[in-house]
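Report on one structure; see the data block that follows.
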Amino acid sequence: MTRARTGDRKPAPMSEEKPAQATSSIEDQIRLREGKAAQLRERSLDPYPAGVHVTTTTGHVREVHASDDAKALEAEATGPYAIAGRVMAIRTMGKATFLSLRDRDGDLQAFVKKDKVGEPAYETLKLLDLGDIAWVKGRAMRTRTGELSIEAGEGGFQLVTKALRPLPEKWHGLSDVETRYRQRYVDLAANPEVRETFRRRTKLITGMRRFLDEREFIEVETPILHTPEQAGGAAARTFQTHHNALDISLKLRIATELHLKRLVVGGLDRVYEIGRIFRNEGIDRTHCPEFTSIEFYQAYATYQDLMKLTEEMISRLCLEVTGSSEAPYQGTVIDYRAPWPRISMLGEVARLYGIEGSSDKEKLDQLGKLTRNDFGARTSDKEALFKLGKAESLGEQIAWAFETFSEPMLPRDRPSFVVDFPIEISPLARKRDGEPRLVDRFEAFAGGFEIANAFTELNDPRDQEARFRAQVEAAKRGNEEAMPYDRDFVRALEHGMPPTAGEGIGIDRLVMLFTDSPGIRDVVLFPLLRPEAEGT
RNA sequence: GAGCCGCUAGCUCAGCUGGCAGAGCACCGGCCUUUUAAGCCGAGGGUCCUGGGUUCGACUCCCAGGCGGCUCACCA
């Protein structure tokens, strides 16, 4: 690692005259940096060495010496610490240079003095550019201004990776959204808060696993490639693909639901899967064609049990990930502590239309008497009316009315559960005992969007058949999101699925909430974009 | 898919009513052994997203297209 430092005490002569022309177009800058790599090679220094010996991180050094002042550090024989990281700043004072090195833990200053580090190493320092990766070994010290630094010892500086492209500007970082998404490596290198976002994402997923594992759930993996019959479990259009050897057309899954319930039939009473879901639909602030969901199923539980579990899990995750049970989201602090308010979809819609009936049955009966025009009377907004007009059943009418009028009114500073869903929009949920026009289902909302969807599962195979038939009918009428009739799933239910409750949570959306990210693309490392135009 | 907005140096951005393309940082040369958005002196760097049109003259105005953002639609 310290090769070729002692061989030649005199700095190697510059390979050629200075560049004839000072330049700075990107091509020029790359050429110049390549030239510096060549100069390193001329001094028998590899610009891309392997086996660099790093003994610690910037974070560790900061931690160990957090409370040591300059005097204490001078008295103590600290280290030596060998750290490496991307060079974020170079401040040269002539025969002494300050570097800001950034590794996975953060930034730390390195202080390289010519008389300490030795002439050869100091000469290679002159070939260092912002964005290169450098290695420094030495003791910990504090500068006059009190900044903790590593002071490079004899031979304690090495350039370990030459970067050919310059980093974005140090002060503003990289802010062009398109470049941030397309070249996430630059975004991550330049903008520390982006790393924090993705660190939190990982923490969240780890925390979910721990939470469910503690409750004796087991994690499984089910197929992503679905036959056309299997590609159900949600209302969504699919991606098409094809398997060559079998010569069959396949679809990418739109949910993990139906396979997971097959596993419950098989006796895996508590099961979950975290994985990618693909839905061939538009892209906006909260939708992405590939996203990550967790679905879990618990036998002998009901949707009521899952509401409790959800409150508990998400409030705990918020604490684990953000350090508090309350987290700001786009200007509003959301308090995740249980219990979350329950809001009745049926009740809210009934209230909207002046129906104060006491029972669900009464509300449904009264709402059933309303005409399409009655439903539309609440708004003159053309688009809202169009939506309301599309409803083909009372249940859809209620759902659209809720979405249009009530959803925007959900609490902003708290997550909430919406309950009392109509059966028509819930083809996999169990009918409610006593009111078969409703199902035992909830959706959780926070920050203005849905984060979870759960229900007591339908386990009556004959009822499931009927629901599938209704979906097939809907598909015939042109509903492209209707799910296919999955015969094998019905066969599985015929073997008997214990009474079960299941839930799906959008992990990306939770990450948005816990990182205060405005859009789903900010929490996905490489979001799908149109292909880049030629030339970059 | 629709509406609105944006695209100028590697990055972040100015550029007026059409008249030679600008700044800061970065880069290049020089000075500097405790700086930290280091500093000082000097130099260079442009497919103004693309293609048409109007005009004596277009970064600027018009048309078409590309990519992105936001809103809406689609979407649980």
Side-chain angles (χ1 to χ4, degrees), chain A residues 17-33 35-36 70 88-100 107 109-117 122 129-131 141-147 149 151 164-182 186 190 234-237 254-255 277 279-289 291 293 381-384 386-387 390 399-400 402-403 407 418 421 425-426 441 443-445 449-454 480-481 504 506 509 518-519 521 527 529-536:
Chain A
E17 324 295 294
K18 336 177 154 148
Q21 281 264 306
T23 54
S24 70
S25 71
I26 185 62
E27 294 80 12
D28 293 333
Q29 291 191 49
I30 289 172
R31 215 174 298 126
L32 226 123
R33 285 168 176 242
K36 289 178 182 176
M88 302 308 291
I90 304 175
R91 293 179 289 275
T92 303
M93 318 292 306
K95 297 187 181 65
T97 298
F98 294 93
L99 306 175
S100 295
D107 294 7
Q109 180 167 273
F111 185 29
V112 187
K113 282 196 290 190
K114 189 173 180 179
D115 56 4
K116 273 270 170 68
V117 80
Y122 204 78
D129 287 300
L130 285 181
M141 50 98 59
R142 276 189 196 276
T143 62
R144 271 176 206 163
T145 51
E147 175 145 350
S149 311
E151 183 180 21
L164 299 182
R165 289 179 182 271
L167 235 37
E169 199 216 358
K170 59 187 162 194
W171 193 242
H172 300 91
L174 178 68
S175 61
D176 180 74
V177 179
E178 184 174 354
T179 311
R180 289 187 47 224
Y181 295 158
R182 286 196 200 279
V186 179
R237 287 155 73 189
I254 55 170
I277 301 295
R279 296 188 182 172
N280 205 340
E281 277 141 12
I283 297 176
D284 66 21
R285 214 168 60 77
T286 56
H287 293 85
C288 208
F291 63 97
S293 81
D381 184 80
K382 261 205 312 226
E383 276 150 5
F386 174 75
K387 251 190 194 179
K390 274 193 324 191
W400 286 123
F402 183 83
E403 187 171 320
E407 225 178 84
V418 174
F421 278 70
I425 58 161
S426 313
R441 172 180 180 185
E443 283 185 357
F445 283 81
F449 44 85
E450 181 200 338
I451 54 171
N453 179 20
E480 288 186 88
E481 285 97 34
R509 290 183 179 179
R521 286 201 241 32
L529 297 178
R530 279 201 162 80
E532 198 167 3
E534 295 290 309
T536 327

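Here is the naming used below: chain letters follow the sequence lines, and residue numbers restart at 1 for every chain. Just so it is clear, the structure is predicted and the values come from calculations on it, not from any experiment.
The shortest distance between the side-chain N/O atoms of A:Arg279 and the OP1/OP2 oxygens of B:C74 is not below 4.0 Å. Taking only side-chain nitrogens and oxygens, A:Arg91 comes nearer than 4.0 Å to OP1 or OP2 of B:A38. Between A:Ser175 and the phosphate of B:U12, there is a side-chain N or O to OP1/OP2 separation shorter than 4.0 Å. In terms of phosphate contacts, A:Arg530 brings a side-chain nitrogen or oxygen within less than 4.0 Å of OP1 or OP2 of B:G68.
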Check the interface with nucleotides 23-26 of chain B: list each N/O to N/O pair with the protein under 3.5 Å, or write none.
residue : atom : partner  : partner atom : Å
B:A26   : OP1  : A:Lys170 : NZ           : 3.1

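For the side-chain hydrogen bond (donor to acceptor under 3.5 Å, both in side chains) test, no residue two or more places apart in sequence or in another chain qualifies with A:Glu480. Scored by the ring-ring contact (aromatic ring centres under 6.0 Å, His included) test, A:Phe402 finds no partners at all (sequence neighbours excluded). Residues meeting the side-chain hydrogen bond (donor to acceptor under 3.5 Å, both in side chains) test with A:Arg91, sequence neighbours left out: A:Gln109. Applying the side-chain hydrogen bond (donor to acceptor under 3.5 Å, both in side chains) criterion to A:Asn280, with sequence neighbours excluded, gives no partner residue. In this view, A:Arg509 and A:His287 satisfy the side-chain hydrogen bond (donor to acceptor under 3.5 Å, both in side chains) rule, not counting sequence neighbours.
When heavy atoms are screened at a 4.0 angstrom cut-off, A:Phe449 is found touching no nucleic acid atom at all. Within the 4.0 angstrom heavy-atom criterion, no nucleotide atom of any strand lies near A:Ala234. Using a 4.0 Å heavy-atom cutoff across all strands shown, A:Asp176 reaches sugar-phosphate atoms only and no base atom.
If you find the closest nucleotide of RNA chain B to A:Leu529 and to A:Glu481, the one lying nearer the 5' end belongs to A:Leu529.
Straight-line distance from the CD1 atom of A:Ile283 to the C1' atom of B:U71: 16 Å, rounded to whole Å. Atom pair A:Ile26:CD1 and B:C27:C1' shows a separation of 10 Å (rounding to whole Å applied). The CZ-C1' distance, from A:Phe98 to B:C32, rounds to 12 Å in whole Å. For A:Lys114 and B:C32, the NZ to C1' distance is 12 Å, given to the nearest whole Å.
The separation of B:C5 from B:C74, taken at their P atoms, amounts to 24 Å, rounded to a whole angstrom.
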